[in-house]
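So the structure is just underneath, and the comments pick up after that.
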Amino acid sequence: AVEAPDTKNLRVKLVLLGDSGVGKSCIVLRFVRGQFDAASKVTIGASFLSQTVALQDGTTVKFEIWDTAGQERYASLAPLYYRGASAATVVYDITSAESFQKARFWVKELQKHASAGIVIALVGNKSDLEDKREVPFEEAQAFAEQNQMALFIETSAKTADNINELFTNIAKKLP
Ligand code: GTP
Ligand code: MG
């Protein structure tokens with residue numbers, strides 16, 4: 001295929017961080033394969049997947065995604081995955097205030113130790129479970145603003161709500 005001369009092809013190393021059970025692997029599965037797994041198994045160590053998206057201006061972005069394990073015993077491995085990443089997605093579960101506390105911790109850790117200029121997105125997943133919500137939208141939005149985060153979005157890996165938007169919006173924020 002002949003490409004327009006101004007077409008850009010970007011490669012982006014992206015890491016997902018967040019408490020066990022918030023839905024990181026399901027978000028990736030939804031984005032990469034368009035599927036949802038109600039019986040998703042906990043991730044051991046980390047898993048790797050990639051997916052390419054095309055932006056409206058013709059730019060293609062290949063996401064190289066490190067889906068980390070949220071269980072506490074793996075926390076010390078996280079720097080291996082966020083080191084050199086140009087984007088990070090910190091995920092919590094809107095039905096778990098505890099998972100939001102953990103997300104705040106990861107944001108601070110990334111701001112201290114990840115590459116300068118890393119694009120960090122805060123993601124409240126399981127937006128389909130509105131009746132069980134523990135984390136108000138406004139509270140998370142305020143935290144994202146106060147910490148100069150690039151993006152805050154609520155998603156549902158189950159219904160696919162805002163999943164493509166999450167990655168497309170990250171792509172648009174890249175330098
Ligand atoms: P670790 O690998 O242990 O870090 O967990 P994880 O963050 O990868 O969680 P995972 O994606 O495995 O999902 C945990 C559970 O939440 C599974 O039972 C999923 O089916 C469920 N789940 C994930 N996303 C959603 C969602 O958007 N809505 C609902 N209702 N359930 C979800
Ligand atoms: Mg997982």
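When a ligand or atom number is given, it counts from 1 through the structure's own listing order.
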(request) Would you check, one step at a time, whether the test side chain to side chain contact (heavy atoms under 4.5 Å, CB included) holds for R104 with Q101? (result) CA-CA 5 Å; R104 299 165 79 109; Q101 285 306 115; 3.6 Å; yes

(request) Answer with yes or no whether the side chains of S25 and T43 bring together a donor and an acceptor at under 3.5 Å. (result) yes

(request) Please say whether A69 places an N or O atom under 3.5 Å from an N or O atom belonging to ligand 1. (result) no

(request) Could you list the atoms of ligand 1 found under 4.0 angstrom from a heavy atom of V42? (result) 2 (O), 3 (O)

(request) For P79 and S76, work out which heavy atoms get closest and say how close. (result) CD-O, 3.3 Å

(message) Can you name the atoms of ligand 1, numbered from 1 with element, that are less than 4.0 Å from a heavy atom of L129?
(response) 30 (N)

(request) Would you give the angle at the Mg ion (ligand 2) between T43 atom OG1 and S25 atom OG, to the nearest 10°? (result) 80°

(message) Under the criterion side chain to side chain contact (heavy atoms under 4.5 Å, CB included), I'd like the reasoning laid out for W106 against T68: C-alpha separation, chi angles, the key distance, then a yes or no.
(response) CA-CA 12 Å; W106 282 121; T68 66; over 6 Å; no

(message) Out of all atoms in ligand 1, which are within 4.0 Å of some heavy atom of T43? Include the element for each.
(response) 1 (P), 2 (O), 3 (O)

(request) Can you establish whether the number of heavy atoms outside Q56 located under 6.0 Å from its atom CD is more than 12? (result) no

(message) Is a donor from one side chain sitting under 3.5 angstrom from an acceptor on the other, for S99 and D93?
(response) no

(message) What I want to find out is whether K112 reaches E109 closely enough, with some N-O distance under 4.0 Å, to be called a salt bridge.
(response) no

(request) Looking only at distances, please establish whether an N/O atom of ligand 1 is found under 3.5 Å from an N/O atom of G21. (result) yes

(message) Counting only nitrogen or oxygen atoms and a 3.5 angstrom limit, does A38 reach ligand 1?
(response) yes

(message) Here's a test for you: under side-chain contact (heavy atoms from CB on, under 4.5 Å), which of I163, D161, N162 qualifies with S156?
(response) D161

(request) Identify the protein heavy atom lying closest to atom 13 (O) of ligand 1, giving its residue, its atom name and the separation to 0.1 Å. (result) G23 CA, 3.7 Å

(request) Take every heavy atom of F36, measure it against each atom of ligand 1, and state whether any distance is under 4.0 Å. (result) yes

(request) Pull out every atom of ligand 1 sitting under 4.0 Å from any heavy atom of D37, numbered as shown with elements. (result) 19 (C), 20 (O)

(message) What I'd like to find out is whether the side chain of N164 reaches to under 4.5 Å of the side chain of F31, using heavy atoms alone.
(response) yes

(request) Taking only heavy atoms of G70 into account, list the atoms of ligand 1 that are under 4.0 Å away from them. (result) 1 (P), 4 (O)

(request) First locate atom CG of L10, then atom CZ of F63, and finally report the distance between them rounded to the nearest 0.5 Å. (result) 9.0 Å

(request) Specify the protein heavy atom at minimum distance from atom 27 (O) of ligand 1: its residue, its atom name, and the distance to 0.1 Å. (result) A157 N, 2.9 Å

(request) Provide, to 0.1 Å, the distance between atom 3 (O) of ligand 1 and the closest protein heavy atom, together with that atom's residue and name. (result) S20 OG, 2.6 Å

(request) Under 4.0 Å from a heavy atom of S40: give me the atoms of ligand 1 that qualify, with their elements. (result) 10 (P), 11 (O), 12 (O)

(request) For S25, take its heavy atoms, then give the atoms of ligand 1 lying under 4.0 Å from any of them. (result) 8 (O), 11 (O)

(message) Whether the K108 and N147 side chains hold a donor-acceptor pair (N or O, under 3.5 Å, no angle test) is what I'd like checked.
(response) yes

(message) If you measure every N or O of N125 against every N or O of ligand 1, does any of those distances drop under 3.5 Å?
(response) yes

(request) From the options G45, C26, G124, G18, select the one whose nearest heavy atom is closest to atom 19 (C) of ligand 1. (result) C26

(request) Could you list the atoms of ligand 1 found under 4.0 angstrom from a heavy atom of D19? (result) 7 (O)

(request) Search all heavy atoms of E154 against all heavy atoms of I94 and return the closest pair with its distance. (result) OE2-CG2, 3.8 Å

(message) Tell me the nearest of K158, E154, K126 to atom 32 (C) of ligand 1, using heavy-atom distances.
(response) K126

(request) Have a look at ligand 1 and work out which part of D128, if any, has a heavy atom under 4.0 Å from it: side chain, backbone, both or neither. (result) side chain

